[in-house]
Amino acid sequence: MSTPNNLIDFLVNQANGVKGLADLNLPIFPHQYIQPIQARLDSCKIIPHDSEEQSIPIIDFTNWDDPDVQDSIFSAATNLGFFQIVNHGIPINVLDDLKASVHKFFELPVEEKKSVKENSPPEVVRLATSFSPHAESVLEWKDYLQLVYTSEEKIHAYWPVVCKNQALEYMKYADAFIRKLLKVLLKKLNVKELDKEREYALMGAMILGFNYYPACPEPELVSGVGPHSDISSITVLLQDDIGGLYVRGKDGDSWINVPPVNGALVINIGDVLQIMSNGRYKSIEHRVVVDGNKTRISMPIFVNPAPDAVIGTLPEVLENGEEPHYKQVVFSDYFNYFFSKAHDGKKTIEFAKI
């Protein structure tokens with residue numbers, strides 16, 4: 001079979017996604033996914049695993065209120081912007097059940113996935129492919145489902161049955177962990193308490209994502225996700241064991257692999273916390289490569305401000321007379337700007353700079 005004549009219609013409107021495209025076993029790879037040479041990950045620029053200076057730290061969260069543990073988190077957030085957390089309090093069986101439910105959802109018949117897409121309010125459930133397929137010149141080899149952590153009434157009405165219970169169980173555990181982690185990060189910014197106002201501005205709209213990257217016949221030509229920084233406060237990512245996540249190195253030209261660690265959560269600082277900390281915390285570019293033989297999944301929780309929350313540098317950060325580097329912006333404006341274009345590295349944060 002040849003590539004569908006109207007690829008976007010096939011992918012988006014018919015809800016086949018890249019999973020449906022991969023299932024066609026096309027003899028010729030679709031040119032719409034082929035990245036220009038300069039956009040591909042150059043293996044010569046990958047930092048070796050044994051580089052102590054630029055490896056992603058693994059932090060034990062068992063005693064999360066221990067000053068040494070908090071210092072490790074603060075160091076990672078200000079240095080590389082990425083770290084992994086083990087002993088976070090979420091049971092392994094909850095993580096495993098979630099992973100299994102992601103595969104079950106994307107392996108549903110396309111008619112069922114199309115029904116989810118057409119019958120779900122986008123402020124609760126969103127099924128999509130690539131990133132912004134109508135705005136991109138080259139598509140990304142990824143399908144994704146986004147589940148907004150909203151009222152239980154809406155969750156039970158709209159989250160897909162095949163993954164609803166597993167996703168809800170995971171989010172209930174994750175919510176408690178996220179609050180602890182934000183308290184640690186805020187403490188280092190002289191913020192004493194995660195009160196209702198701060199909570200609204202940091203985690204007022206949490207989204208659980210299911211990312212699905214089918215095995216790709218030409219993995220070196222495509223991108224799973226192009227280089228970008230997240231627009232969240234923080235992102236909490238559960239990886240499977242396939243791997244493929246890379247973080248921009250300090251020199252701006254190298255890439256650091258984030259190896260899968262069984263039971264760990266990958267944490268990265270988002271643009272919102274970079275803005276709130278006046279640049280003290282670093283929101284770092286990252287990207288995903290796909291596998292030639294195996295389907296990769298990952299499950300990010302985007303810990304976002306509420307849409308109407310105003311984000312800007314925290315007054316506690318400026319108490320010593322430091323000048324703010326960022327203006328105050330409504331998060332929904334920042335969010336909409338991010339999704340109005342293709343992934344473009346760190347350019348979105350320019351929107352908030354003074």
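For clarity, every value in this text was computed on a predicted model and none was experimentally measured.
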- Are Val148 and Met206 connected in the hydrophobic side-chain network, where two residues link if heavy atoms are under 4.5 Å apart? no
- Task: Check whether any side-chain heavy atom of Val86 lies under 4.5 Å from a side-chain heavy atom of Ile59, and answer yes or no.
- Result: no
- Item | Enclosure of Tyr158 OH (heavy-atom neighbours >12, cutoff 6.0 Å) | no
- With distance as the sole criterion, is a donor-acceptor pair present between the side chains of Gln239 and Lys99 under 3.5 Å? no
- Do Glu322 and Asn278 have side-chain atoms, one donor and one acceptor, less than 3.5 Å apart? yes
- Are Pro307 and Phe335 side-chain neighbours, meaning at least one heavy-atom pair lies under 4.5 Å? no
- Query: Salt bridge between Asp71 and Lys188, side-chain N to carboxylate O under 4.0 Å?
  - Reply: yes
- Following the transitive rule for hydrophobic clusters with a side-chain heavy-atom cut-off under 4.5 Å over Ile, Leu, Val, Met, Phe, Trp and Tyr, establish whether Met203 and Val329 coincide in one cluster. yes
- Message: Could you tell me if Asn190 and Glu319 have a donor-acceptor pair between their side chains, going purely by distance under 3.5 Å?
- Response: no
- Message: Applying a strict under-4.5 Å side-chain criterion to I, L, V, M, F, W and Y, I'd like to know whether Leu245 and Phe83 cluster together.
- Response: no
- Hey, mind stepping through Glu316 and Lys192 against salt bridge (Lys or Arg N to Asp or Glu O under 4.0 Å) and telling me if it holds? CA-CA 10 Å; Glu316 290 89 342; Lys192 305 290 188 288; over 6 Å; no
- Ion pair check, Lys172 and Glu152, cut-off under 4.0 Å: yes
- Task: Please tell me if the side chains of His103 and Ile297 come closer than 4.5 Å, counting only heavy atoms from C-beta onward.
- Result: yes
- Query: Do Phe82 and Trp255 have ring centroids that are under 6.0 Å from one another?
  - Reply: no
- Candidate pair Lys19 and Glu107, rule side-chain contact (heavy atoms from CB on, under 4.5 Å), full reasoning: CA-CA 9 Å; Lys19 164 92 168 59; Glu107 288 158 11; 4.2 Å; yes
- Is it the case that Lys104 places NZ or CZ above or below the six-membered ring of Phe106, under 6.0 angstrom from the centre and within 45 degrees of the axis? no
- Query: Counting only heavy atoms not in Ile92, do more than 12 fall under 6.0 Å of its CD1?
  - Reply: yes
- Message: Walk me through whether Trp141 and Phe29 qualify under ring pair (Phe, Tyr, Trp, His ring centres under 6.0 Å).
- Response: CA-CA 12 Å; Trp141 192 261; Phe29 193 74; 5.4 Å; yes
- Contact summary for Tyr334 and Ala352, nearest pair of heavy atoms: CE1-CB, 4.1 Å
- Task: Identify which one of His343, Glu136, Gln32 satisfies the side chain to side chain donor-acceptor pair (under 3.5 Å) criterion when paired with Ser130.
- Result: Glu136
- Item | Donor-acceptor pair between Ser72 and Ser75 side chains, under 3.5 angstrom | no
- Message: Tell me whether Asp240 is salt-bridged to Lys294, with the criterion being a basic N under 4.0 Å from an acidic carboxylate O.
- Response: no
- Around atom CD of Glu123, are there more than 12 heavy atoms of other residues, nucleotides or ligands at under 6.0 Å? yes
- Item | Ile284 with Tyr281, same ILVMFWY side-chain cluster at under 4.5 Å | no
- Query: Is there a side-chain contact between Leu181 and Trp64 (heavy atoms, below 4.5 Å)?
  - Reply: no
- Determine, stepwise, if the pair Glu350 / Lys347 fulfils salt bridge (Lys or Arg N to Asp or Glu O under 4.0 Å). CA-CA 6 Å; Glu350 301 293 326; Lys347 290 183 181 174; over 6 Å; no
- If you count the non-hydrogen atoms of other residues, nucleotides and ligands that lie under 6.0 Å from CG in Asp251, is the total more than 12? yes
- Proximity of Phe177 and Phe61 rings by center, below 6.0 Å: yes
- Item | Exam field: side chain Ser115 to backbone Glu111, donor-acceptor pair closer than 3.5 Å | no
- Message: Main chain of Leu202, side chain of Ser233: is a donor-acceptor contact present, judged purely on distance under 3.5 Å?
- Response: yes
- Message: Using modelled atom types and a 3.5 Å cut-off, is there a donor and acceptor pairing between side-chain atoms of His286 and backbone atoms of Gly226?
- Response: no
- Can you establish whether the number of heavy atoms outside Lys164 located under 6.0 Å from its atom NZ is more than 12? yes
- Message: side-chain contact (heavy atoms from CB on, under 4.5 Å) for Thr313 and Leu318? Distances and angles first, verdict last.
- Response: CA-CA 8 Å; Thr313 303; Leu318 304 175; 3.7 Å; yes
- Just by distance, with hydrogens left out, do Asp230 and Asn268 show a side-chain donor and acceptor under 3.5 Å apart? yes
- Give a yes or no on this: more than 12 heavy atoms of other residues, nucleotides or ligands lie within 6.0 Å of atom CG of Asp195. yes
- Assign the ring pair His228 / Phe338 to parallel, tilted or perpendicular, where the plane angle (0 to 90°) is split at 30° and 60°. tilted
- Message: Is any side-chain heavy atom of Leu127 closer than 4.5 Å to one of Gln146?
- Response: no
- Query: What pairs of residues pass the side-chain hydrogen bond (donor to acceptor under 3.5 Å, both in side chains) test when at least one of them lies in residues 200-222, not counting sequence neighbours?
  - Reply: Tyr200-Asp308, Asn211-Ser298
- Message: Can you confirm whether Glu140 sits close enough to Thr129 that some side-chain heavy atom of one is under 4.5 Å from a side-chain heavy atom of the other?
- Response: no
- Message: Does Lys187 form a side-chain hydrogen bond (donor to acceptor under 3.5 Å, both in side chains) with Gln70? I'd like the steps, not just the answer.
- Response: CA-CA 9 Å; Lys187 180 180 175 182; Gln70 297 189 354; 3.0 Å; yes
- Message: One pair to check against side-chain contact (heavy atoms from CB on, under 4.5 Å): Val18 and Lys142. What are the steps and the verdict?
- Response: CA-CA 6 Å; Val18 75; Lys142 178 188 79 168; 5.5 Å; no
- Less than 4.5 Å apart, any side-chain heavy atom of Leu273 and any of Leu185? yes
- Message: Can you see whether Tyr33 has Arg40 sitting over its ring - NZ or CZ less than 6.0 Å from the centre and within 45° of the normal?
- Response: no
- Message: Less than 4.5 Å apart, side chain to side chain, heavy atoms only: is that true for Leu80 and Lys282?
- Response: no
- Please confirm whether the backbone N or O of Phe302 pairs with a side-chain atom of Ser232, one donor and one acceptor, at under 3.5 Å? no
- Item | Distance-minimising heavy-atom pair for Leu41 and Arg287 | N-NH2, 3.5 Å
- Message: Could you see if Phe331 belongs to whatever hydrophobic cluster contains Ile301? Use Ile, Leu, Val, Met, Phe, Trp, Tyr and a side-chain cutoff under 4.5 Å.
- Response: yes
- Glu118 bridged to Lys113 by N-O distance under 4.0 Å: no
- Pi-cation contact, Tyr337 with Lys341 (under 6.0 Å, within 45°): yes
